[in-house]
Amino acid sequence: MMPADGMFLLPWLLFGLLAVLIVVGVPIAMALILTSFSLILLDPRLTAWVLFQRMYNGMDSFVLLAVPLFLLAGNLMNAARITDRLITLCMLLVGHLKGALAHVNVMVSMLFAGVSGSSTADSAGVGTVLIPAMKREGYPTHFAVAVTAASSVMGIIIPPSINMIVWGALTNTSIAGLFLGGILPGLMIGVAQLLLNLGYVRRYNVPVRPRATFRELLHSGKDGLMAAGIPVVIIGGITLGIVTPTEAAMIAVLYALALGFLVYRELRFGDVLDASTATVRLCSLSLFSLVGAAIFGYLISFYQIPPKLMAGVNITDPVVLLLVMTLVMLLIGTFMDSLPAMAIMAPIFQPLAMQAGIHPVQFGVIGVMALGLGLITPPYGLCLMISAKIGGIPLLKALATTLLYLAVMLAVILLLILYPQLILAIPRAVVPDFI
């Protein structure tokens with residue numbers, strides 16, 4: 001137990017102990033819990049019951065049920081080979097351009113993002129098909145890995161986004177507003193990556209296909225559009241107030257099952273079991289981290305760290321504050337999963353954002369995007385690790401090319417900071433009452 005004259009050290013110890021545990025290799029979830037439990041033992045004002053109560057409260061949310069359901073929808077899409085049909089559709093649209101497979105990689109990620117809401121499901125599903133295909137056509141492996149990892153980041157930006165659901169639950173921000181606010185930024189990142197592809201593939205001798213006929217587009221479009229229709233149903237249902245995000249996630253699962261069993265007839269019961277198992281494994285890691293972050297976030301509030309920051313940090317310029325937040329969250333995202341990271345960082349920056357007059361939807365979209373970039377930046381870099389494993393190369397070999405895509409995405413974030421209407425225009429036009 002800490003003596004009374006040393007109580008002022010506890011807030012510093014909170015972050016210092018967490019940093020030490022992460023550096024020595026303790027998993028993020030356990031590092032958060034161990035740090036919180038240590039502080040509770042040292043502080044005579046707290047009891048062990050606080051740990052269990054706050055961890056339970058961190059998961060006692062109907063909205064968070066959407067997380068495993070959207071992950072399951074993405075895994076079912078992969079199992080039902082719906083991803084293959086999206087690839088075929090995109091190939092017919094841009095196959096006549098040089099570097100077609102690189103463009104298809106980005107376009108499919110944009111479509112897949114609108115279904116699963118998960119970047120890791122995107123990188124695994126799309127990468128399994130396209131990375132070997134790109135290698136066969138003469139693309140360097142490092143380029144195939146980089147474009148797959150970078151494009152998969154759109155999975156947490158283009159709605160429905162699991163990270164936006166969690167952000168909305170943590171900050172009481174309209175999830176419909178966040179979804180609509182993420183549409184244009186996601187498209188901007190997709191277009192920026194396509195333009196980078198056009199410049200990058202000039203140096204490679206890769207095949208160019210003949211332009212697809214209208215008959216081919218019509219035949220393939222029928223299959224592809226049925227899968228691409230899922231985000232329209234999800235976003236439309238949430239925006240119109242017909243369904244909650246959790247109910248929309250369940251619709252996505254049922255839609256994927258219907259396509260897999262009844263329409264495409266590619267899905268088997270064993271595939272559903274495998275997809276469910278993969279979902280449980282991935283979801284348990286993320287949500288367990290969120291449990292640890294819940295008690296850690298409570299201690300941040302208990303020690304009044306945000307008010308102290310507001311008193312000591314007087315940043316009233318929204319642009320400056322968002323730039324600082326982006327850099328901090330980009331740094332945090334390099335070694336921590338985005339869900340626990342946002343559970344820790346959102347309560348710290350939210351009062352500062354309110355003080356600076358930043359709209360909650362702009363604050364949320366930029367925060368989610370900044371943390372999402374950690375998916376392609378080591379040492380965490382989960383999407384980059386998945387893509388590199390599929391490509392069979394060391395992660396660092398693809399890092400230089402990946403950083404080019406990272407620079408493009410940072411440029412898009414800068415535009416969104418300078419021109420908030422790029423985020424707010426669609427929500428204000430469609431659901432002004434929600435924001």
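Remember, predicted model here, so these are calculated numbers, not experimental data. The first residue in the sequence is number 1, and the count goes up from there.
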Participant: Taking the six-membered ring of Tyr264 as reference, does the NZ or CZ atom of Arg81 fall below 6.0 Å from its centre and within a 45° cone about the axis?
Facilitator: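 Relative to the ring axis of Tyr264, which defines the angle, Arg81 lies outside at least one limit.
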Participant: Checking side-chain polar atoms at under 3.5 Å, does Ser151 have a donor or acceptor matched by the opposite partner on Ser109?
Facilitator: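 Their side chains do contain a donor-acceptor pair, which is all the 3.5 Å distance test asks for.
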Participant: Partners of Phe15 by ring-ring contact (aromatic ring centres under 6.0 Å, His included), sequence neighbours excluded?
Facilitator: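 If we apply the ring-ring contact (aromatic ring centres under 6.0 Å, His included) test to Phe15, skipping adjacent residues, the hits are Phe296.
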Participant: Indicate yes or no: at least one non-hydrogen side-chain atom of Arg428 is less than 4.5 angstrom from one of Gln421.
Facilitator: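 Counting from C-beta outward, Arg428 and Gln421 never come under 4.5 Å.
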Participant: Is it the case that more than 12 heavy atoms not belonging to Tyr419 sit under 6.0 Å from its OH atom?
Facilitator: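 No, the 6.0 Å shell around OH holds no more than 12 heavy atoms from other groups.
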Participant: Of Ile175, Val361, Val365, which meets side chain to side chain contact (heavy atoms under 4.5 Å, CB included) against Met164?
Facilitator: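 Testing Met164 for a side chain to side chain contact (heavy atoms under 4.5 Å, CB included) against Ile175, Val361, Val365 leaves exactly one candidate, Val365.
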Participant: Does Lys98 use its side chain to pair, donor to acceptor, with the backbone of Val208 at less than 3.5 Å?
Facilitator: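 Checking the backbone N and O of Val208 against the side chain of Lys98, no donor-acceptor pair under 3.5 Å is found.
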Participant: Rounded to the nearest 0.5 Å, what separation is found between the CG atom of Asp274 and the CG atom of Asn78?
Facilitator: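 Here the interatomic distance stands at 12.5 Å.
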Participant: Run through Leu18, Leu21, Leu17 and flag the one making a side chain to side chain contact (heavy atoms under 4.5 Å, CB included) with Leu34.
Facilitator: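 Among Leu18, Leu21, Leu17, the one meeting side chain to side chain contact (heavy atoms under 4.5 Å, CB included) with Leu34 is Leu21.
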Participant: How close do Pro340 and Ile28 get, counting heavy atoms only, and between which atoms?
Facilitator: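 That closest heavy-atom pairing would be CG-CG2, 4.2 Å.
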Participant: Starting at CG of Asn57, measure out to CE of Met55 and round the result to the nearest 0.5 Å.
Facilitator: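 It comes to 11.0 Å.
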Participant: Are more than 12 heavy atoms, taken from residues, nucleotides or ligands other than Arg281, located less than 6.0 Å from that residue's CZ atom?
Facilitator: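 Counting other residues, nucleotides and ligands, CZ of Arg281 stays at 12 neighbours or fewer.
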Participant: Does Arg211 have more than 12 heavy atoms from other residues, nucleotides or ligands lying within 6.0 Å of its CZ?
Facilitator: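 No, CZ of Arg211 has 12 or fewer neighbouring heavy atoms, counting only those of other groups under 6.0 Å.
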Participant: Please find the pair of heavy atoms, one from Pro318 and one from Ile358, that lie closest to each other, and give the distance.
Facilitator: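 So the two residues come closest at CB-CG1, 3.7 Å.
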Participant: Looking only at side chains, do Asn105 and Thr148 share a donor and an acceptor under 3.5 Å apart?
Facilitator: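 Short answer, yes.
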Participant: Is the shortest side-chain heavy-atom distance between Gln193 and Val147 below 4.5 Å?
Facilitator: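 In short, these two side chains do not touch, never coming nearer than 4.5 Å.
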Participant: Once side-chain contact (heavy atoms from CB on, under 4.5 Å) is applied, do any residues pair with Val430, and if so which ones, sequence neighbours excluded?
Facilitator: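 Residues passing side-chain contact (heavy atoms from CB on, under 4.5 Å) with Val430: Leu180, Thr239, Ile426.
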Participant: Does Leu406 have any side-chain contact (heavy atoms from CB on, under 4.5 Å) partners at least two apart in sequence or in another chain, and if so, which?
Facilitator: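 Once residues adjacent in sequence are excluded, the partners of Leu406 under the side-chain contact (heavy atoms from CB on, under 4.5 Å) criterion are Leu373, Ile376, Thr377, Leu403, Leu410.
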Participant: With the side chain counted from C-beta on, respond yes when Leu184 and Ile423 share a heavy-atom pair under 4.5 Å apart, and no when they do not.
Facilitator: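 They are not in contact (no side-chain heavy atoms under 4.5 Å apart), so the answer is no.
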Participant: Do Ser152 and Leu375 touch side chain to side chain, with heavy atoms closer than 4.5 Å?
Facilitator: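 Of all side-chain heavy-atom pairs linking Leu375 with Ser152, none is under 4.5 Å.
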Participant: Could you check whether any side-chain heavy atom of Leu198 comes within less than 4.5 Å of a side-chain heavy atom of His103, counting everything from C-beta outward?
Facilitator: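 SC-SC contact between Leu198 and His103 confirmed.
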Participant: Who pairs with Phe261 by ring-ring contact (aromatic ring centres under 6.0 Å, His included), at least two apart in sequence or on another chain?
Facilitator: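 Partners of Phe261 under the ring-ring contact (aromatic ring centres under 6.0 Å, His included) test: Phe269.
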Participant: My understanding is that only residues two or more places apart in sequence, or in another chain, count here; which of them pass ring-ring contact (aromatic ring centres under 6.0 Å, His included) with Phe143?
Facilitator: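 With neighbours one apart ignored, the set is Tyr200, Tyr204.
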Participant: Who pairs with Glu266 by side chain to side chain donor-acceptor pair (under 3.5 Å), at least two apart in sequence or on another chain?
Facilitator: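 Side chain to side chain donor-acceptor pair (under 3.5 Å) check on Glu266 returns nothing, list empty.
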Participant: Less than 4.5 Å apart, side chain to side chain, heavy atoms only: is that true for Met325 and Met345?
Facilitator: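 Not touching, per the 4.5 Å side-chain cut-off.
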Participant: Taking all non-hydrogen atoms of both residues into account, name the closest pair between Pro351 and Pro347 and its distance.
Facilitator: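 Answer, listing the atom of Pro351 first, then Pro347: CD-O, 3.0 Å.
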Participant: Does the side chain of Val20 reach to within under 4.5 Å of the side chain of Val23, using non-hydrogen atoms?
Facilitator: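 Counting from C-beta outward, Val20 and Val23 never come under 4.5 Å.
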Participant: Under a 4.5 Å cut-off applied to non-hydrogen side-chain atoms, are Ile238 and Thr244 in contact?
Facilitator: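 Side chain of Ile238 against side chain of Thr244, heavy atoms only: no contact under 4.5 Å found.
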